[in-house]
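A quick note: this is a predicted structure, and the numbers were derived from the prediction, not measured.
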Amino acid sequence: MDLNNLTIKKFHEGLLKKEFSAVEIAESFFDFIKTKDPEIKAYLSLGKDEALSQAKKVDAALAKGQDLGILAGVPLAVKDNILIEGQPATAASKILENYQAAYDATVIKRLKSAGAVFLGKTNMDEFAMGSSTENSAFQITRNPADLERVPGGSSGGSAAAVAAGMAVAALGSDTGGSIRQPAGFCGVVGLKPTYGAVSRYGLIAMASSLDQIGPIAKTVEDAAIIFNAIKGKDDLDSTSVDLNKFQDSRFKIQDSKNLTIGLPEEYFIEGLTKEVAEAIDEAIKNLKSLGFKFKKISLPHTKYALSCYYVIMPAEASANLARYDGIRYAQIENLKLETKNLKDIYFNQRSGGFGKEIKRRIILGNFVLSSGYYDDYYLKAQKVRTLIKKDFDKAFEEADVILTPVSPTPAFKIGEKTENPLAMYLSDIFTIPVNLAGLPAVSMPVRKHQASSVKRQNELPVGFQLIGRHFRETDILETGRMYEKMING
């Protein structure tokens with residue numbers, strides 16, 4: 001069985017034809033993970049017993065002649081900040097090293113009801129704070145395309161697992177590009193849904209007004225299948241939305257001549273490497289050959305997005321991480337720290353449990369929220385965020401979909417940017433505005449990429465990003481499917 005090329009659709013067809021059983025495929029994945037993951041380090045934990053138990057239920061249902069949904073038996077990986085009852089949920093942090101989830105996230109409930117099989121929890125930047133998965137407290141994940149390079153972050157473990165054939169698809173979370181950037185670096189597809197389209201209940205929060213769960217998959221079709229399974233209103237998440245009223249498109253997506261794709265001049269700037277620039281030109285040329293029209297547009301406040309994000313995100317993160325105070329989720333005993341009073345508990349828990357990047361962002365967040373600085377920094381950043389959103393609203397009066405690069409560079413080498421936080425932050429410069437505006441966006445590879453190891457930079461995967469209107473995931477997914485069909489033949 002060629003696990004690397006196994007898509008959700010291929011799995012479903014093979015299962016119904018009884019070419020294999022769900023248990024056989026699950027066992028094949030665990031065998032392959034045992035062989036492959038020591039060099040990739042995509043997984044933090046595996047749930048073999050639970051996965052095989054679920055696979056057996058799927059096989060039993062098939063044997064009884066019951067109708068199976070398209071996700072029944074499909075082996076998925078899950079980022080380790082999304083809760084699965086009874087399984088570890090560390091958020092790749094020492095502070096949660098021994099924590100096991102007490103309940104299922106809503107997206108997990110929905111996938112369980114669809115019959116999906118969960119292989120395990122994937123590595124990530126600690127509490128989703130990072131762009132390379134080098135900030136994990138436990139291990140560094142490597143890019144399957146080149147083991148000397150990062151897979152991107154913070155959902156690098158999920159992207160690497162899919163790219164290496166160690167899962168059919170995966171779940172990640174995206175706060176400033178953490179699904180799309182690793183998907184771009186690893187040569188797979190990543191969808192960041194509209195804010196509110198997918199419930200965040202059961203996601204370990206970093207920045208609550210920016211976080212969004214979404215799929216990482218081998219094809220746009222697979223990403224759409226998972227999105228359709230997890231989307232929708234959830235009474236446990238007040239920010240989730242009933243999507244039924246938002247799904248109609250103004251144009252027929254099958255007729256590409258009715259679609260205008262916008263190219264924002266602010267995204268094609270100095271700093272874009274030659275490899276990325278040439279790849280984006282190739283993507284534009286391919287889309288033009290399908291009949292899509294292009295128009296230059298402007299998003300003038302894009303230049304403030306990075307600064308705006310690194311005020312709002314740390315502020316919200318510092319508030320969300322305040323719960324890890326040593327009283328709840330205590331790690332004092334495990335960290336072997338001496339405590340004499342309550343102050344010691346607070347200081348020792350957080351200093352021993354949090355990594356350097358987390359501490360940096362907590363300090364920054366508390367600073368911008370502090371008395372005397374709130375108006376100068378946090379309030380001003382929120383006003384700029386509104387201007388960024390208005391830029392997109394205006395742009396969508398001229399274009400139906402917006403195309404941009406995912407990152408200024410292909411995957412960089414492990415350790416290359418760890419000592420320069422600003423250089424690391426800049427890798428998300430093209431993805432952050434989407435989160436600030438709450439829009440949907442999909443990252444997909446410019447050309448079909450195999451997971452075999454490469455050495456030359458011009459062979460590394462490069463992704464491009466399609467951005468759509470609020471709750472119009474269908475527009476970008478259908479556009480992506482047309483492109484994908486063309487490049488895959």
For the rings on Tyr377 and Phe367, is their centre-to-centre separation under 6.0 Å?
yes
Determine yes or no for a side-chain-to-main-chain donor-acceptor pair under 3.5 angstrom, with Glu473 supplying the side chain and Pro440 the backbone.
no
Donor on one side chain, acceptor on other, Arg361 and Asn366, under 3.5 Å:
no
Using a 4.5 Å cut-off on heavy atoms from C-beta on, say whether the side chain of Thr90 contacts that of Leu44.
yes
Check: Ala42 main-chain N/O paired with Asp37 side-chain donor or acceptor under 3.5 Å
yes
Between Thr194 (side chain only) and His470 (backbone N and O only), is there a donor and an acceptor less than 3.5 Å apart?
no
Whether the Thr141 and Thr133 side chains hold a donor-acceptor pair (N or O, under 3.5 Å, no angle test) is what I'd like checked.
no
Go through Ile487 and Asn286 one step at a time and tell me if the side chain to side chain contact (heavy atoms under 4.5 Å, CB included) criterion holds.
CA-CA 8 Å; Ile487 64 169; Asn286 289 336; 4.1 Å; yes
If you count the non-hydrogen atoms of other residues, nucleotides and ligands that lie under 6.0 Å from OH in Tyr373, is the total more than 12?
no
Does any donor atom in the side chain of Tyr304 or Arg385 lie under 3.5 Å from an acceptor atom in the other side chain?
no
Is there a side-chain contact between Leu287 and Leu403 in this structure, where contact means two heavy atoms from C-beta onward sitting under 4.5 Å apart?
yes
Which heavy-atom pair separates Ala89 from Leu83 by the least distance, and what is that distance?
CB-CD2, 3.5 Å
Flag side-chain contact, heavy atom, 4.5 Å: Glu134 against Ile414
yes
In sequence, state the C-alpha distance, the side-chain angles, and the governing distance for Leu306 and Ile432, and then conclude on side chain to side chain contact (heavy atoms under 4.5 Å, CB included).
CA-CA 7 Å; Leu306 196 67; Ile432 279 172; 3.3 Å; yes
If you define the side chain from C-beta out and look only at heavy atoms, does anything of Ile216 sit under 4.5 Å from Val189?
no
Hey, are Asp393 and Lys389 close enough for a salt bridge, meaning a charged N less than 4.0 Å from a carboxylate O?
yes
Contacts of Lys413 meeting side chain to side chain contact (heavy atoms under 4.5 Å, CB included) (sequence neighbours excluded), chain-then-number -> Glu148, Arg149, Glu416
Test salt bridge (Lys or Arg N to Asp or Glu O under 4.0 Å) applied to Glu282 and Arg447, step by step
CA-CA 9 Å; Glu282 181 182 337; Arg447 62 185 71 93; 2.4 Å; yes
Flag for Asn143-Asp146: side-chain donor and acceptor within less than 3.5 Å:
no
Checking Asp211 against Ser173 for the side chain to side chain donor-acceptor pair (under 3.5 Å) test, could you report, in this order, the C-alpha distance in whole Å, the side-chain angles of both residues, the deciding distance, and whether it holds?
CA-CA 7 Å; Asp211 297 340; Ser173 66; over 6 Å; no
Indicate whether any N or O donor in one side chain lies under 3.5 Å from an N or O acceptor in the other, for Lys79 and Ser154.
yes
Point-to-point distance, once rounded to the nearest 0.5 Å, from CZ of Arg323 to CD1 of Ile204:
8.5 Å
Is the closest side-chain donor-acceptor distance between Asn320 and Ser208 under 3.5 Å?
yes
Is any side-chain heavy atom of Gln212 less than 4.5 Å from a side-chain heavy atom of Tyr195?
yes
Would you mind telling me which of Val434, Asp174, Thr175 makes a side-chain contact (heavy atoms from CB on, under 4.5 Å) with Leu210?
Thr175
Do Leu171 and Ser158 make a side-chain contact, defined as non-hydrogen atoms from C-beta onward lying under 4.5 Å apart?
no
Can you check side chain to side chain donor-acceptor pair (under 3.5 Å) on Ser136 and Asp125, steps first, answer last?
CA-CA 5 Å; Ser136 170; Asp125 286 301; over 6 Å; no
Do Phe268 and Pro405 make a side-chain contact, defined as non-hydrogen atoms from C-beta onward lying under 4.5 Å apart?
yes
Between Asp2 and Asn4, do the side chains contain an N or O donor and an N or O acceptor separated by less than 3.5 Å?
no
Do you see a donor-acceptor pair shorter than 3.5 Å between the side chains of Thr404 and Gln465?
yes
Return the orientation label for the Phe464 and Tyr483 ring planes: parallel under 30°, perpendicular over 60°, tilted otherwise.
perpendicular
Verdict with supporting geometry, Val198 and Phe227, side chain to side chain contact (heavy atoms under 4.5 Å, CB included):
CA-CA 8 Å; Val198 176; Phe227 171 67; 4.0 Å; yes
Indicate whether the side chain of Ser199 and that of Ser240 have a donor and an acceptor atom separated by less than 3.5 Å.
no
Between Ser443 and Gln181, is any side-chain donor less than 3.5 angstrom from a side-chain acceptor?
no
Asn420 atom CG, over 12 foreign heavy atoms within 6.0 Å
yes
Any chance you could measure Leu259, atom CG, to Thr479, atom OG1, to the nearest 0.5 Å?
5.0 Å
Can you check side chain to side chain contact (heavy atoms under 4.5 Å, CB included) on Val368 and Tyr310, steps first, answer last?
CA-CA 10 Å; Val368 301; Tyr310 278 101; over 6 Å; no
Got Val117 and Phe29 here, is their nearest side-chain heavy-atom distance under 4.5 Å?
no
Salt bridge (Lys or Arg N to Asp or Glu O under 4.0 Å) involving Lys295 - partner list, sequence neighbours excluded:
Glu398
Heavy atoms from other residues, nucleotides or ligands near NZ of Lys380 exceed 12 (cutoff 6.0 Å)
no
If the condition is ring-ring contact (aromatic ring centres under 6.0 Å, His included), which residues does Tyr309 pass it with, not counting sequence neighbours?
none
Can you list the steps and then say if Asp222 with Thr7 is a side chain to side chain donor-acceptor pair (under 3.5 Å)?
CA-CA 7 Å; Asp222 280 4; Thr7 64; 4.5 Å; no
For Lys485 and Asn488, test the side chains for any donor-to-acceptor distance below 3.5 angstrom and give the result as yes or no.
no
Taking atom types as modelled, find out whether Glu266 and Ser298 have a side-chain donor-acceptor pair closer than 3.5 angstrom.
yes
More than 12 heavy atoms of other residues, nucleotides or ligands under 6.0 Å from NZ of Lys233: yes or no?
yes
Testing the 3.5 Å rule here: is there a donor-acceptor pair between the side chains of Arg200 and Thr239?
yes
Passes salt bridge (Lys or Arg N to Asp or Glu O under 4.0 Å), Arg481 versus Glu478? Steps please.
CA-CA 5 Å; Arg481 285 176 70 175; Glu478 289 301 316; 3.4 Å; yes
